[in-house]
Amino acid sequence: MWFVAHQMAPIGYQVSLSRAVCTIILMGVCNFVTKVFLAPVIGNWYVVAYFLACTLLAMTLLRLKFWRSVLVVLIYLAVWTVGYVALGFNSNSHQAHQSTGQTRPSTSNL
């Protein structure tokens with residue numbers, strides 16, 4: 001977050017590391033709050049509310065303009081998503097096969 005915000009900041013403005021860390025922590029709290037309170041009410045649209053809240057946090061804490069904040073949040077969430085998928089937290093198929101003792105089906109016809 002700090003690197004992206006530092007690159008997006010206007011010339012001459014330095015984004016402090018402590019501001020970036022506070023922003024990330026508050027974005028995590030915001031994610032929890034929107035999931036718990038808004039997801040049951042508006043369904044998957046809570047993601048839009050989460051994105052807007054994160055953008056407002058980035059604008060306020062990192063002191064960036066609106067479109068720069070949108071870009072910072074988009075890049076941050078994209079990196080989170082790629083890391084989540086790359087580490088395989090989204091698939092439970094491996095755990096399901098291990099618990100039943102089954103092996104995965106072979107793709108070869110031998």
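Keep in mind that this is a model prediction, so the values were computed, not measured.
In this structure, L74 and F51 have side chains that are in contact, with non-hydrogen atoms separated by less than 4.5 Å. The side-chain heavy atoms of L38 and Y50, taken from C-beta on, include no pair separated by under 4.5 Å. Contact of the R63 side chain with the R19 side chain is registered, since non-hydrogen atoms from C-beta on lie closer than 4.5 Å.
Expressed to the nearest 0.5 Å, how far SG of C30 lies from CD1 of I24 amounts to 14.0 Å. N31 CG to C54 SG: the interatomic distance, rounded to the nearest 0.5 Å, is 7.5 Å. Rounding to the nearest 0.5 angstrom, the gap separating the OH atom in Y46 from the NZ atom in K35 is 4.5 Å. Expressed to the nearest 0.5 Å, how far OG1 of T55 lies from CH2 of W67 amounts to 9.5 Å.
Under a hydrophobic clustering in which Ile, Leu, Val, Met, Phe, Trp and Tyr are joined whenever their side-chain heavy atoms come within less than 4.5 Å, directly or via other members, L56 and L71 fall into the same cluster. Follow the hydrophobic side-chain contacts under 4.5 Å out from V36 and you never reach I42; the two are in separate clusters. Cluster membership check: V82 does not share its hydrophobic cluster with V73, using side-chain heavy-atom separations under 4.5 Å among Ile, Leu, Val, Met, Phe, Trp and Tyr.
Partners of W80 by side-chain hydrogen bond (donor to acceptor under 3.5 Å, both in side chains), not counting sequence neighbours, listed by chain and number: Y76. Shown here are the side chain to side chain contact (heavy atoms under 4.5 Å, CB included) partners of L26, two or more places apart in sequence or in another chain: L57, L61.
Within 6.0 Å of the CZ atom in F66, the count of heavy atoms belonging to other residues, nucleotides or ligands exceeds 12.
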